Amino acid sequence: MAGAKAGLYLQSSVSALRGVGPALVPRLQHMDLWRVQDVLFHLPSRYQDRRHIASMATLQAGQECAILGEIVRVDHQRGGREQWLVTVSDGSGRLQIRLFHMTVALRAQWQVGRRLWCFGELRGGFHGLEMIHPEWQMADVPQFQAPRHLTPFYPSSEGITQAQWRRWMAQALTLLDQLPDYLENRLPPQWPGLREGLRLLHESADEIPSPQHPAWQRLALEELLANHLAVRRMRQSGMMQNAPCLRSKGQLWHRFLAHLPFSPTMAQERVIAEINADLVRHRPMRRLLQGDVGSGKTLVAAAATLTALEAGYQVAMMAPTEILAEQLHARFQQWLEPLGLEVGYLVGSRSPRARRETAETLAGGSLRLVIGTQSLFQEGVVFACLGLVIIDEQHRFGVEQRRQLLEKGAMPHLLVMTATPIPRTLAMTVHADLEVSVIDALPPGRTPVETLVMPDSRRPELIGRMQHMLEAGRQIYWVCPLIEESETLELQAAEASVADLQAALPGVAVGLIHGRMRSTEKAEVMAAFQSGAVRILVATTVIEVGVDVPGASLMIIEHAERLGLAQLHQLRGRVGRGAQRSSCILLYHPPLSGKARERLRVMRETHDGFAIARKDLQLRGPGEYLGTRQAGILQMRVANILRDEALLVMVPALAERLLQEDPEAVQAIVQRWLGSRVDYGQVG
């Protein structure tokens, strides 16, 4: 091995490992394993204890165990599928081994009288307990060596066996002395060093290491630190840029408040003050505004917009869907046009001429506020003096989309808003590049929506309830996950629901809205619902965000068991916006899985968006909760931001110390864990 070791380095490509040929390299790279060093940090997902030999007299079906005995019989069966039945005895009992696909060379080894070591799962057979194709070694040869360590099993990909992983790991472990420990003497004394910890996790001899084991915690902390440092680096690269100073006397804001029929809450005023303090600095604001559904984030966005406009700069507000962009455009027109301010609108469905005219006024500077979708960062859209970018429902966008919009100006300020709250410990890691503001109170008069859970077998009862509410002048949302019937998913489709409701409630105007409709069609249906001409709106989850119809006081969500907590909470937030008491009914199709039952229970009992977000994170895990675009660099190999919450608390202070004492180590740690996944030039 000495010669191989001399030519093998941790920073070499994985192709340097013996047994990794050209066909395997892409498979390993797909698992984000590019260098030999990366293989070392590819930890076992589980372990098997093969060190102890079980007595055949004590074996039970379903048990995984190692046995050692003498071959006492070999039977060859040719009928049907060719197989070999090998009987092994240890003196206390017998066990049958069933084998297929035996080569001539292998068959020559399986002889009566030889001693055999096997490991596998026991199952009941026609002649008692048996193992089917276990792992095995002949125990009467000089090279036989019984396992002395726990046997690791690694996360794998198609075409890669566990035996290959163990061979590659054995090669990589010979290079541990090349691996620097940048956190030495900076961590709790009971934790092992980096090299010691890695060897223990790959070759544990005494105990099965759990994620709470000090060796595992040591690696998890370094990975969390790497993510935190990378995001901070992105943020700092932006902080080095000069941003426009958006200083105003607040005249537009005071005129705006004079026309407003209500006063901002104390929580809104606090957040507005935090934003205004950012806008007057000569470094770009990067702020995340979190607030529950209906907490008044749009009003805060209006305050920031008026500050920027009064300072002489342009503002771009981006929404994830045309429905939400249209709602925001209508709201800002209602609010700002009395102040003499024009509100532009730029979405993909507008005519080429309308888009061209809007783009020309933006480039010329005469249009200073525009609301739209991804169309805002298209190549032909140029701003004369973009000073503030506002992104609503930011969890729908990726970092790259934020960056493209920010590049439309000379380092504009950025405010991103979400009604899908991120728990503090997660925000510390995912959004270390953003300051976080929270609206932690609802406006006066907002009462919790009554939430009921019922099986869809109670539809007739539900129709009666709807009839009563319609007679009282109320409006209703009916949400369906699909547009057309699907035999596979067996979901009630939106189009079928329209026909059913029209038949059950004759004379009631029922509208339909879904994502495949043209924007003009969706706008017409929404306008009819807002005016009250449409009494029941059947919709897909396209209405999840942004829709504001105070007259709607009942929402029915079909197949609620198939939706996530955050989505259910967003949908429920579409009602309860008027003075009347509102309800949300979650219809489910039994039987329910354990997770589905838990989601519905949480929705019935909880109205706090932050509590719901934490539960959603627990149920779905960070990757699914954030989505691939939002997870960004947060693709953990070892750490888990829920399980390792105590480690997250340690990260900021450790990062600060490392930045001051050893900047070169900072670069090396980030490179070790993230490699090409992080771009230090990204801003925002």
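In this chain, residues are counted from 1 in sequence order. Small disclaimer: the values here were computed from a predicted structure and weren't measured.
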Distance col, row L341:CG vs L336:CG, nearest 0.5 angstrom, shows 5.5 Å

For S457, the side chain to side chain contact (heavy atoms under 4.5 Å, CB included) test, sequence neighbours excluded, returns P455

Decide side-chain contact (heavy atoms from CB on, under 4.5 Å) for H569 and T606; before the verdict, give the C-alpha distance in whole Å, the side-chain angles of both, and the deciding distance to 0.1 Å. CA-CA 10 Å; H569 186 58; T606 310; over 6 Å; no

The salt bridge (Lys or Arg N to Asp or Glu O under 4.0 Å) partners of E379 (sequence neighbours excluded) come to none

Between V534 and F529, the two heavy atoms sitting closest are O-CD1, 3.2 Å

Query raised in the report: Between R459 and D456, is any pair of side-chain heavy atoms under 4.5 Å apart?
Result: yes

message = Would you say that F377 contacts V389 through its side chain, given a criterion of any heavy-atom pair below 4.5 Å between the two side chains?
response = no

Correct closest heavy-atom pair for A560 and L600 would be CB-CD2, 4.0 Å

In the structure I gave you, are the side-chain heavy atoms of T321 and K522 within less than 4.5 Å of one another anywhere?
no

Minimal heavy-atom distance between R574 and M555, with the atoms involved, is CB-CE, 3.7 Å

From the list I275, L279, V271, V436, side-chain contact (heavy atoms from CB on, under 4.5 Å) with R287 holds only for I275

**Message:** Checking R465 against S583: is there a side-chain donor and acceptor pair closer than 3.5 Å?
**Reply:** yes

For A503 and P506 the tightest heavy-atom approach is O-CD, 3.7 Å

Exercise for review: Please lay out, stage by stage, how W335 and V343 fare under the test side-chain contact (heavy atoms from CB on, under 4.5 Å).
Suggested key: CA-CA 10 Å; W335 281 350; V343 184; over 6 Å; no

**Item:** Side-chain donor/acceptor of R599 to backbone N/O of G564, under 3.5 Å
**Value:** no

Worksheet item: Donor-acceptor pair, Q268 side chain versus L299 backbone, under 3.5 Å?
Response: no

Minimal heavy-atom distance between A533 and A509, with the atoms involved, is O-CB, 3.3 Å

From the list R270, E274, K297, side-chain hydrogen bond (donor to acceptor under 3.5 Å, both in side chains) with S437 holds only for E274

Side-chain contact test, heavy atoms from C-beta onward, threshold under 4.5 Å: evaluate it for S157 versus H30 and give yes or no.
no

Salt bridge (Lys or Arg N to Asp or Glu O under 4.0 Å) filter on R331, not counting sequence neighbours, yields D548

The salt bridge (Lys or Arg N to Asp or Glu O under 4.0 Å) partners of E598 (sequence neighbours excluded) come to R601, K615

Note: P338 and R255 closest approach over all heavy atoms is O-NH2, 4.5 Å

- prompt: Do I513 and M526 come within less than 4.5 Å of each other through their side chains, counting heavy atoms only?
  reply: yes

Self-check item: Trace of the side-chain contact (heavy atoms from CB on, under 4.5 Å) decision for Y477 with L571
Solution: CA-CA 10 Å; Y477 289 105; L571 287 167; over 6 Å; no

CA sep, side-chain torsions, deciding dist, call: R572, H607, side-chain contact (heavy atoms from CB on, under 4.5 Å) | CA-CA 10 Å; R572 181 171 62 181; H607 293 86; 3.9 Å; yes

Looking at G348, is its backbone amide N or carbonyl O close enough to the side chain of S375 to form a donor-acceptor pair, meaning the two atoms are under 3.5 Å apart? yes

Between V525 and L512, is there a side-chain heavy-atom distance shorter than 4.5 Å? no

dist I390:CD1 -> L328:CG (nearest 0.5 Å) comes out at 9.5 Å

Hits for ring-ring contact (aromatic ring centres under 6.0 Å, His included) against Y345, two or more places apart or cross-chain, chain-then-number order -> H329

Exercise for review: Ignoring hydrogens and angles, tell me if any N or O in the side chain of R535 forms a donor-acceptor pair with the backbone of R474 under 3.5 Å.
Suggested key: yes

Query raised in the report: Are any non-hydrogen side-chain atoms of L462 and L587 less than 4.5 angstrom apart?
Result: yes

Across all chains, not counting sequence neighbours, the side chain to side chain donor-acceptor pair (under 3.5 Å) partners of Q475 are none

Counting only heavy atoms not in R597 (residues, nucleotides, ligands), do more than 12 fall under 6.0 Å from its CZ? no

**Message:** Treating Q314 as the side-chain partner and L362 as the backbone partner, does any N or O pair qualify as donor plus acceptor under 3.5 Å?
**Reply:** yes

| said: Under a 3.5 Å distance rule, please check whether H468 uses its side chain to pair with a backbone N or O of G464 as donor and acceptor. | reply: no

Worksheet entry | E310 vs L306 side-chain heavy atoms within contact, under 4.5 Å | no

Check ion pair E357-R350 (N to O, under 4.0 angstrom): no

One should read off an interatomic distance between I439 CD1 and T265 OG1, to the nearest 0.5 angstrom, of 6.5 Å

Rounding to 0.5 Å, atoms SG (C584) and CZ (R604) come to a distance of 12.5 Å

Rounding to 0.5 Å, atoms CD1 (I556) and CD1 (I585) come to a distance of 5.5 Å

In this structure, CG of L388 is separated from OH of Y313 (nearest 0.5 Å) by 12.0 Å

